[in-house]
Amino acid sequence: LPAFTTMTVSIDGHQHRIERGSTAADVVKMELPLAAAGDIVDMTGSVVASQQGAPPLIERHGSVLAADDRIHHGDVLTSQRGLDVVEHQIPTATPIPVAVEYRGDGPLERVASTGSEGVSLLGVGSISGLVTPMGVSQASEPMVVERSYPVAGDKVVALTFDDGPWPGQTERILKILANEGVPATFFVLGAKAKAYPALTASIAEQGHQVESHGYSHRSLASRDKALAQREARKSKSEIAVVTGQYPTWFRAPGGHLSEEARTEVVAAGMRVVRWDVDPQDWRKPPAWKLARETLAQVRPGSVILLHDGGGDRTSTINALTTIIRKLQAQGYIFVTLDEMGSASRS
């Protein structure tokens, strides 16, 4: 460049000729040996892109120049490392799951309020993918579940059987119930109802309730909504095809039910039921011990958990008559879940 169009400046101790009228921003753009640019960092300060942050700073007499500040002939300048820049955060809405708030006690459940999901805003680093909270735009509302027993003092009790129907065993249990003249509620698996339609239909035909235990005995403890929906709706459909009636009660395998699964069960039109008497007949204790354990736990309004399927239930079958007769001798009346549910209290 002609001498009259240039000027001499000192940058970091070295003389350079630059175009007159140049600004601090122009100096940064020149191919000069300046300090490095800053880095791009994530929200924790970790470098995610080296020297891709802010450009170097130009100082004159100890003061940082603005980008459009003019440079003068004879200036003594120094360059400083550029500032680090936090990477761009991409706002992402994430649902806040519905929590469950339990009220009361007892084996019968009623959903008083379904609740609602909330929305949490997260920032996702455009380079690192690091997720950081940005706040809550909508708080979640809990699902309110009321647990209850029948009216206080009523000596009613419900016999319930899980995991069937099971050929050879379910028939024996039905025969005992017929001989003793008591009703029961059977929580059948949808897959078993499909495999043994005549046996499933006979349960209903003999005056007992046929309710849902899911379709395949898969645990519903996870937050897999699709799984819960399949288990609830498919079992309900299969039972209705066989018995002509849709189940209105649902007992989760193992009693494990996530908030998401409970929502799907309720959406399928069923109430959740648990139990408060569990002699653990699946352990196959001697019949006398099974009867003793059952009788020791019963209270007015109890729901007794037994099994007609899932394995050898000889012990359960041998203990059943004793359980029924001893409870009747104590003044208990056997009822179905529908009968018990119609007289429940929180």
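What you see is a predicted model, and the numbers here were worked out from it, not measured in a lab.
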Check the side chains of D224 and S222 for a donor-acceptor pair under 3.5 angstrom, ignoring hydrogens and angles. no

Shortest non-hydrogen contact from A184 to H208? N-ND1, 3.1 Å

At what distance, to the nearest 0.5 angstrom, does CG of L320 lie from CG of L159? 6.0 Å

Checking R20 side chain against T6 main chain: does a donor-acceptor pair fall under 3.5 Å? yes

Is there a donor-acceptor pair under 3.5 Å between the side chain of Q297 and the backbone N or O of D278? yes

Answer whether the closest heavy-atom distance between the side chains of V136 and L121 falls below 4.5 Å. no

Are P55 and K29 close enough that some pair of their side-chain heavy atoms sits under 4.5 Å apart? no

Please tell me whether L295 and L305 are part of a single hydrophobic cluster in this structure, the criterion being side-chain heavy atoms less than 4.5 Å apart. no

Got a donor-acceptor contact below 3.5 angstrom from the S46 side chain to the D42 backbone? no

Have S116 and E141 got a donor and an acceptor in their side chains that come within less than 3.5 Å? no

Pairs involving residues 62-78, ordered by first then second residue, that meet side-chain hydrogen bond (donor to acceptor under 3.5 Å, both in side chains) (sequence neighbours left out): R60-D75

Residues E117, K225: salt bridge by 4.0 Å N-O rule: yes

Check this for me: does any side-chain nitrogen of one of K284 and D312 sit under 4.0 Å from a carboxylate oxygen of the other? no

Looking at Y149, is R299 sitting on its ring face, NZ or CZ under 6.0 Å from the six-membered ring centre and within 45 degrees of the normal? yes

To check you understand the geometry: which heavy-atom pair defines the closest contact between A49 and I127, and what is its length? CB-CD1, 4.4 Å

Is it possible for you to say whether V157 and V277 belong to one hydrophobic cluster, with membership spreading through side-chain heavy-atom contacts below 4.5 Å? yes

On a heavy-atom basis, the closest approach of H256 and A252 is O-CB, 3.4 Å

Is there a donor-acceptor contact under 3.5 Å from the side chain of R274 to the main chain of G106? yes

Cut-off 3.5 Å, no hydrogens considered: what does the side-chain donor-acceptor table look like for residues 187-196, sequence neighbours left out?
none

Answer yes or no: is there an ion pair linking E146 with R110, defined by an N-O contact shorter than 4.0 Å? yes

H307 side chain to D281 side chain, donor-acceptor N/O pair below 3.5 angstrom: yes

pair V182-Q328: side-chain heavy atoms closer than 4.5 Å: yes

To the nearest 0.5 Å, tell me how far I176 CD1 sits from I324 CD1. 7.0 Å

Within the distance-only criterion (no hydrogens, no angle test), does the side chain of D39 pair as donor or acceptor with the backbone N or O of V41 below 3.5 angstrom? no

I239 versus T200: any side-chain heavy-atom pair under 4.5 Å? no

Do you see a donor-acceptor pair shorter than 3.5 Å between the side chains of W288 and N318? no

Using modelled atom types only, decide if a donor and an acceptor are shared between the side chain of T322 and the backbone of A291 within a distance under 3.5 Å. no

Could you tell me if E87 and S128 have a donor-acceptor pair between their side chains, going purely by distance under 3.5 Å? yes

For L220 and L227, what are the C-alpha separation, side-chain angles and deciding distance, and is it a side chain to side chain contact (heavy atoms under 4.5 Å, CB included)? CA-CA 8 Å; L220 297 180; L227 170 65; 4.2 Å; yes

Residues T8 and R17: side-chain donor-acceptor under 3.5 angstrom: yes

How close do G168 and E171 get, heavy atom to heavy atom, and via which atoms? N-OE1, 2.6 Å

Run S126 and Q89 through side chain to side chain donor-acceptor pair (under 3.5 Å) and show every step you take. CA-CA 6 Å; S126 58; Q89 298 290 299; over 6 Å; no

Taking the cut-offs as 6.0 angstrom to the six-membered ring centre and 45 degrees off its axis, would you call R230 and Y215 a cation-pi pair? no

From R292 CZ over to K326 NZ, what is the distance, rounded to the nearest 0.5 angstrom? 12.5 Å

Can any side-chain N or O of S79 pair as donor or acceptor with the backbone N or O of A35 at less than 3.5 Å? yes

I'd like to know whether CD of Q330 has more than 12 heavy-atom contacts from other residues, nucleotides or ligands below 6.0 angstrom. yes

Those residues at least two apart in sequence (or on a different chain) that pass side-chain contact (heavy atoms from CB on, under 4.5 Å) with Q138 are V119

Going by the side-chain contact (heavy atoms from CB on, under 4.5 Å) test, name the single residue among L177, V156, L327 that passes it with F334. L327

Looking at A99, is its backbone amide N or carbonyl O close enough to the side chain of E259 to form a donor-acceptor pair, meaning the two atoms are under 3.5 Å apart? no

I'd like to know whether CD1 of I90 has more than 12 heavy-atom contacts from other residues, nucleotides or ligands below 6.0 angstrom. yes

So, for A228 and A261, which heavy atoms are closest and what is the spacing to 0.1 Å? CB-CA, 3.6 Å

Would you please say whether a donor-acceptor pair under 3.5 Å links the side chains of S216 and E231? yes

Would you say I203 and T170 make side-chain contact, with heavy atoms under 4.5 Å? yes

Determine yes or no for a side-chain-to-main-chain donor-acceptor pair under 3.5 angstrom, with E339 supplying the side chain and T336 the backbone. yes

Would you indicate whether Y246, at its atom OH, is surrounded by more than 12 heavy atoms from other residues, nucleotides or ligands within a distance under 6.0 Å? no

What pair of heavy atoms forms the shortest contact from L290 to A319, and how long is it? CD2-CB, 3.9 Å

Any salt bridge between E109 and R271, counting N to O under 4.0 Å? no

Just do the side chain to side chain contact (heavy atoms under 4.5 Å, CB included) check on R251 and V272 with the steps written out, would you? CA-CA 6 Å; R251 176 180 280 158; V272 175; over 6 Å; no

Go through it in stages, so that I can follow the logic: the residues are R147 and L108, the test is side chain to side chain contact (heavy atoms under 4.5 Å, CB included), and I'd like the CA-CA distance, side-chain angles, deciding distance and then a yes or no. CA-CA 5 Å; R147 289 176 168 174; L108 307 182; over 6 Å; no

Would E180 and T321 count as a side chain to side chain contact (heavy atoms under 4.5 Å, CB included) if you check the C-alpha gap in whole Å, the side-chain angles of each, and the deciding distance to 0.1 Å? CA-CA 8 Å; E180 301 302 320; T321 299; 3.7 Å; yes

Nearest 0.5 Å please: distance from the CD1 atom of I18 over to the CG atom of L32. 8.0 Å

Show your reasoning for whether side chain to side chain donor-acceptor pair (under 3.5 Å) applies to R283 and Q280. CA-CA 6 Å; R283 294 183 181 274; Q280 299 187 347; 2.6 Å; yes

Flag, side chain of E211 to backbone of T185, donor-acceptor distance under 3.5 Å: no

What I'd like to find out is whether the side chain of V298 reaches to under 4.5 Å of the side chain of I304, using heavy atoms alone. yes

Side-chain heavy atoms under 4.5 angstrom apart, residues restricted to Ile, Leu, Val, Met, Phe, Trp, Tyr: same cluster for V335 and W275? yes

Quick one: does E260's side chain get under 4.5 Å of P97's, heavy atoms only? yes

Any side-chain heavy atom of P33 within less than 4.5 Å of one from H16? yes

Please test D163 against W282 for side chain to side chain donor-acceptor pair (under 3.5 Å), starting from the C-alpha separation and ending with a verdict. CA-CA 11 Å; D163 295 352; W282 52 272; over 6 Å; no

